[in-house]
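Have a look at the structure below before the remarks.
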Amino acid sequence: MKLPAFIRAGYLILASLLSSLPVFAAEALPALGASTEKLTVSGLSSGAFMAVQMHVAHSSRVYGAGILAGGPYYCAQNSAWQAVTACMSPFLLTPPPTADLVSETKTQAAAQHIDSPENLRHARVWILSGAQDETVKPEIVDTLHDFYAAWLPASSMLYERLPDAGHAMITPDASGAHECRITASPWINHCGNFDAPGRLLAHLLGPLQEKAAQAKGELLLFDQSEFIAAGEAKIMDERAYVYLPSGCRAGGCRIHVAFHGCKQQAQEIGDLYAREAGYNRWAETNRLIVLYPQTLKSNSNPNGCWDWWGYSGPDYHLRTGKQIGAVWKMIERLASSPR
């Protein structure tokens with residue numbers, strides 16, 4: 001039914017007024033003189049694959065990685081089809097042989113596209129898989145363990161398996177989280193007292209101070225667009241989050257990068273992941289800045305996943321990868337001296 005002319009005119013006027021309202025810009029990511037000693041990363045699902053890529057590409061600087069429901073480096077081999085079949089829920093296709101992925105890693109290092117994987121011999125890795133996870137099945141996570149085992153000694157890796165866990169971040173602190181075996185938005189679950197952020201940070205960084213009763217620092221919304229190359233706006237959101245514990249604006253705090261999973265980006269769930277994933281209370285008492293970079297859904301990435309199959313370009317897994325490069329610039333900003 002066609003609307004009367006005066007109603008249509010009213011809609012046009014309202015739209016014009018709304019478009020003229022001021023848009024409040026996010027703050028610039030601050031230069032804080034943060035320490036890059038024991039720089040660590042972690043992620044869930046596509047964020048887990050991204051954390052692996054970040055770790056391998058920058059292994060001379062990234063000390064450790066916490067991986068929840070992720071697979072090995074370059075598993076998808078620049079193929080979306082291989083990503084969703086062989087590298088998530090294998091049936092007709094199986095993941096590439098570990099030896100091939102190790103060889104690819106060495107080849108890219110020899111070409112100086114990534115850091116030498118020999119750096120991984122001094123790294124720390126924490127891995128989690130849920131037996132009820134039908135999204136990234138446990139056998140895929142096993143291949144991640146095998147990949148890292150090509151370099152890391154067994155004492156440097158901790159592989160934990162939860163028999164009742166679905167596909168989710170596991171934390172006891174989130175309000176309104178699903179029960180353990182559920183796989184559903186926002187992909188944050190309770191599994192008793194199992195505390196994935198606390199356990200992974202403790203393995204990567206060593207003994208921690210007990211987490212704070214409350215995260216009393218700043219959850220800052222910052223302008224992420226300045227770190228994204230011109231013409232690449234659709235691969236990452238214009239805004240992202242960083243948690244600054246009390247006292248970290250004075251400098252010297254370490255950095256942890258937490259990559260959300262698919263459909264956990266701010267465009268989908270706001271700041272829920274940055275608030276409720278379980279990192280911030282640990283960060284508060286352990287002088288740890290937590291960077292929460294954000295993706296953006298698009299025609300080539302309808303679920304807002306991190307790129308681990310090539311939608312942002314064939315170098316997605318290298319230091320020159322657009323998302324890896326953008327996040328690295330954010331780390332450098334946090335570590336630079338305040339002006």
Side-chain angles (χ1 to χ4, degrees), residues 36 38-43 45-88 90 93-127 129 136 139-159 203-204 257 259 306-329 331-332:
T36 55
K38 291 191 174 180
L39 170 67
T40 52
V41 297
S42 66
S45 192
S46 74
F49 283 92
M50 184 64 181
V52 172
Q53 291 175 173
M54 197 83 186
H55 187 201
V56 174
H58 285 286
S59 61
S60 67
R61 302 288 301 278
V62 178
Y63 176 72
I67 311 300
L68 296 89
Y73 181 74
Y74 200 54
C75 184
Q77 298 182 319
N78 207 32
S79 167
W81 172 250
Q82 183 159 303
V84 299
T85 55
C87 297
M88 292 179 64
L93 298 178
T94 58
T98 300
D100 290 357
L101 300 179
V102 169
S103 177
E104 168 69 12
T105 305
K106 292 178 179 179
T107 297
Q108 295 296 347
Q112 299 186 351
H113 295 153
I114 63 174
D115 292 353
S116 170
E118 292 300 309
N119 295 309
L120 296 172
R121 298 191 187 281
H122 309 290
R124 306 276 291 177
V125 170
W126 182 92
I127 301 170
S129 179
V136 178
E139 53 262 44
I140 297 298
V141 187
D142 292 344
T143 66
L144 170 69
H145 178 273
D146 294 343
F147 171 82
Y148 270 121
W151 292 282
L152 270 73
S155 60
S156 296
M157 281 196 291
L158 180 58
Y159 188 178
H203 180 72
L204 301 184
V257 183
F259 294 103
W306 288 99
D307 187 7
W308 59 280
W309 66 86
Y311 70 77
S312 65
D315 63 345
Y316 65 94
H317 60 307
L318 308 178
R319 284 191 307 247
T320 53
K322 297 175 179 65
Q323 291 180 344
I324 289 177
V327 174
W328 194 254
K329 290 175 186 175
I331 292 168
E332 290 179 328

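These numbers come from a predicted model, not from an experiment. Numbers here simply count residues along the sequence, with the first being 1. Atoms considered below: every heavy atom in the structure, side chains included; atoms not considered: hydrogens, waters and symmetry mates.
- Taking OG1 from Thr320 and NZ from Lys322, the interatomic distance works out to 8.0 Å, rounded to the nearest 0.5 Å.
- Using a 4.5 Å heavy-atom threshold, the side chains of Val136 and Val141 count as touching.
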For the pair Val56 and Tyr74, evaluate side chain to side chain contact (heavy atoms under 4.5 Å, CB included) and give the outcome as yes or no after the intermediate values. CA-CA 10 Å; Val56 174; Tyr74 200 54; over 6 Å; no
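- Ala86 and Pro95 make their closest contact through O-CG, 3.3 Å (heavy atoms, listed as atom of the first residue, atom of the second, distance).
- The heavy-atom pair separating Met88 from Ala83 by the smallest distance is CG-O, 3.0 Å.
- Within the 3.5 Å criterion, the main-chain N or O of Tyr316 finds no donor-acceptor partner in the side chain of Asp307.
- His55 pairs with exactly one of Tyr148, Tyr73, Trp126, Phe49 by the ring pair (Phe, Tyr, Trp, His ring centres under 6.0 Å) rule, that one being Tyr148.
- A heavy-atom distance below 4.5 Å is not found between the side chains of Val52 and Pro72.
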Working note: Glu118 + Arg121, criterion salt bridge (Lys or Arg N to Asp or Glu O under 4.0 Å); need CA distance, chi angles, decisive distance, verdict. CA-CA 6 Å; Glu118 292 300 309; Arg121 298 191 187 281; 2.6 Å; yes
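- Looking at Gln323 and Gln53, their side chains never come closer than 4.5 Å, going by heavy atoms from C-beta outward.
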Listed pairs under 3.5 Å, donor-acceptor, residues 59-66 side chains, sequence neighbours left out:
{"residue": "Ser59", "atom": "OG", "partner": "Ser116", "partner atom": "O", "Å": "3.0"}
{"residue": "Ser59", "atom": "OG", "partner": "Asn119", "partner atom": "ND2", "Å": "3.2"}
{"residue": "Ser60", "atom": "OG", "partner": "Asp115", "partner atom": "OD2", "Å": "2.6"}

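- Considering all non-hydrogen atoms of both residues, Ile331 and Met54 come closest at CD1-CE, 4.0 Å.
- Of all heavy-atom pairs between Arg319 and Ile114, the closest is NH1-C, 3.0 Å.
- Here Glu139 pairs with nothing under the side chain to side chain donor-acceptor pair (under 3.5 Å) rule; sequence neighbours left out.
- At least one donor-acceptor pair under 3.5 Å links the side chain of Thr107 to the backbone N or O of Ser103.
- Nearest heavy-atom pair across Ile67 and Ala51 is CD1-CB, 3.8 Å.
- Residues Leu152 and Arg124 have side chains not in contact (no heavy-atom distance under 4.5 Å, counting atoms from C-beta outward).
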Please walk me through it: do Tyr159 and Asp142 pass side chain to side chain donor-acceptor pair (under 3.5 Å)? CA-CA 9 Å; Tyr159 188 178; Asp142 292 344; 2.7 Å; yes
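- Ser155 and His203 get closest at one heavy-atom pair: O-CE1, 4.3 Å.
- Taking SG from Cys75 and CZ from Phe147, the interatomic distance works out to 10.5 Å, rounded to the nearest 0.5 Å.
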Side chain to side chain contact (heavy atoms under 4.5 Å, CB included) between His113 and Asp315, intermediate numbers included: CA-CA 9 Å; His113 295 153; Asp315 63 345; over 6 Å; no
Could you go through the side chain to side chain contact (heavy atoms under 4.5 Å, CB included) check for Gln82 and Leu93 one step at a time? CA-CA 8 Å; Gln82 183 159 303; Leu93 298 178; 5.5 Å; no
Using the rule given for side chain to side chain contact (heavy atoms under 4.5 Å, CB included), can you reason through Trp308 versus Cys87, listing the C-alpha separation, both sets of side-chain angles and the distance that settles it, and then say yes or no? CA-CA 10 Å; Trp308 59 280; Cys87 297; 3.6 Å; yes
For the pair Thr98 and Asp146, evaluate side chain to side chain donor-acceptor pair (under 3.5 Å) and give the outcome as yes or no after the intermediate values. CA-CA 7 Å; Thr98 300; Asp146 294 343; 4.6 Å; no
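- Here the straight-line distance linking atom OG of Ser42 with atom CD1 of Ile127 works out to 13.0 Å at 0.5 Å rounding.
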